[in-house]
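Only one structure is covered here, and it is reproduced in the block below.
Chain identifiers are assigned alphabetically (A, B, ...) following the order of the sequence lines, protein sequences preceding nucleic acid strands; residue numbering begins at 1 within each chain.
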Amino acid sequence: DIQMTQSPSSLSESVGNRVTITCRASQDISTSLAWYQQTPGKAPKLLLYGASRLESGVPSRFSGSASGTDFTLAISSLQSEDFATYYCQQYYTNPWTFGQGTKVEI
Amino acid sequence: QVPLQESGPGLVKPSETLSLTCNVSGGSVKSDWWSWIRQPPGRELEWIGHIYYTGSTGYNPSLKSRVTLSVDTSKNQLSLKLAFVTATDTAVYYCAKMRSGSYGYYFDYWGQGSLVTVTS
């Protein structure tokens, strides 16, 4: 299975600041990576796919990039509704696997 | 929007079979591939398996021997059965619609999830 490792596991930031989260794949996955946002008690919500393609309806302050097996999710200006846990997921090879999550706290 | 709603018993005894259903509304179960995904308390997400309305399936090798997925097109409903459960199967179980990417699938709509606790 392809292992997805996220860092950091948690971070604290203030509203208005920029946040970056990294996801590293254990092998080449091209750009077959999606990012999800999960708030407590809710289902995950798709934010980006194809490493950098924004899902319809997702604010443009979210962006994604890729460099080899390293992927980055950036939030340009953190809003109160962005405090959540973020997961990456590879869809290059079955079984589809997720990172362990990054919790963004105030 | 493709509303999905999981339902089933919240408690299951060890060694028994966990059974959940997922109602698909606002769309047809024939239109896409569908997955089940679970999340143990405080843990990351784990893909369980996927199914197409024709009955074609794919399973996570880690669970394959215990999982059965099925689809009822007349009810627009998906089903998950997980046999011989233990405490490590305690999790929130989600059904999700799959969208095709360049190589595989990601998940664009999710149900709200159903918490299943394995306890005697």
Side-chain angles (χ1 to χ4, degrees), chain A residues 1-7 9-10 21 23-25 27-58 64 66 69 71 73 84-103, chain B residues 1-7 20 22-24 32-52 56-67 69 91-115:
Chain A
D1 298 2
I2 296 178
Q3 306 301 315
M4 306 301 294
T5 304
Q6 286 183 235
S7 61
S9 56
S10 66
I21 298 168
C23 178
R24 173 169 289 176
Q27 64 186 72
D28 177 34
I29 60 169
S30 186
T31 55
S32 298
L33 185 103
W35 287 99
Y36 302 88
Q37 176 194 63
Q38 186 178 34
T39 52
K42 301 287 189 180
K45 172 188 173 184
L46 177 66
L47 297 177
L48 296 108
Y49 59 94
S52 62
R53 298 186 176 188
L54 204 63
E55 174 70 354
S56 176
V58 173
T69 57
F71 300 84
L73 171 68
T85 300
Y86 294 84
Y87 294 93
C88 60
Q89 176 234 332
Q90 67 80 19
Y91 52 95
Y92 186 77
T93 302
N94 193 331
W96 326 122
T97 50
F98 294 84
Q100 80 278 19
T102 295
K103 187 174 184 179
Chain B
Q1 291 287 341
V2 183
L4 304 170
Q5 182 63 61
E6 306 86 351
S7 61
L20 293 172
C22 173
N23 284 306
V24 179
D32 292 282
W33 284 83
W34 307 89
S35 270
W36 288 90
I37 298 159
R38 70 180 183 178
Q39 186 173 33
R43 300 282 306 277
E44 68 262 32
L45 298 152
E46 179 182 30
W47 175 73
I48 298 170
H50 59 219
I51 188 166
Y52 195 55
S56 181
T57 56
Y59 297 111
N60 192 323
S62 67
L63 296 167
K64 184 176 182 178
S65 63
R66 298 193 291 132
V67 174
L69 300 184
V92 175
Y93 287 78
Y94 297 99
C95 57
K97 188 177 86 62
M98 298 166 67
R99 185 192 297 173
S100 177
S102 299
Y103 290 94
Y105 295 87
Y106 51 97
F107 312 101
D108 57 356
Y109 291 103
W110 299 62
Q112 286 303 298
S114 180
L115 174 61

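Donor-acceptor pairing under 3.5 Å is lacking for the side chains of B:Tyr106 and A:Glu55. Judged purely by distance below 3.5 Å, without hydrogens or angles, the side chains of B:Glu44 and A:Gln6 never pair a donor atom with an acceptor atom.
Heavy-atom neighbours of B:Arg99 CZ from other residues, nucleotides or ligands within 6.0 Å: above the threshold of 12.
The structure places OG of B:Ser102 at 6.0 Å from OH of A:Tyr91, a figure rounded to the nearest 0.5 Å. Going from atom CH2 of B:Trp47 over to atom CD of A:Gln89 covers 10.5 Å, rounded to the nearest 0.5 Å. Atom OH of residue B:Tyr103 and atom OG1 of residue A:Thr31 lie 8.0 Å apart, to the nearest 0.5 angstrom. Within the model, atoms OH of A:Tyr49 and CG of B:Asp108 stand 9.5 Å from one another, a figure rounded to the nearest 0.5 Å.
Looking at A:Tyr87, only its side chain comes within 4.5 Å of chain B, counting heavy atoms on both sides. For a residue to count as touching a neighbouring chain, one of its non-hydrogen atoms must lie under 4.5 Å from one of that chain's; by this rule A:Gln38 touches chain B with the side chain only. With a threshold of 4.5 angstrom between heavy atoms, A:Thr97 does not approach chain B through any atom at all.
Side-chain rings of A:Tyr36 and B:Trp110 approach one another, their centers coming within less than 6.0 Å.
In terms of heavy-atom pairs under 4.5 Å with chain B, the best-connected choice from A:Gly99, A:Ala34, A:Ala43, A:Pro44 is A:Pro44. Heavy-atom pairs under 4.5 Å with chain A were tallied for B:Tyr109, B:Tyr59, B:Phe107; the largest tally goes to B:Phe107. Options B:Arg43, B:Gln39, B:Gln112 differ in how many heavy-atom pairs under 4.5 Å they form with chain A, and the most are formed by B:Gln39.
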Side chain to side chain contact (heavy atoms under 4.5 Å, CB included) evaluation trace for A:Trp96 with B:Met98: CA-CA 11 Å; A:Trp96 326 122; B:Met98 298 166 67; 4.1 Å; yes
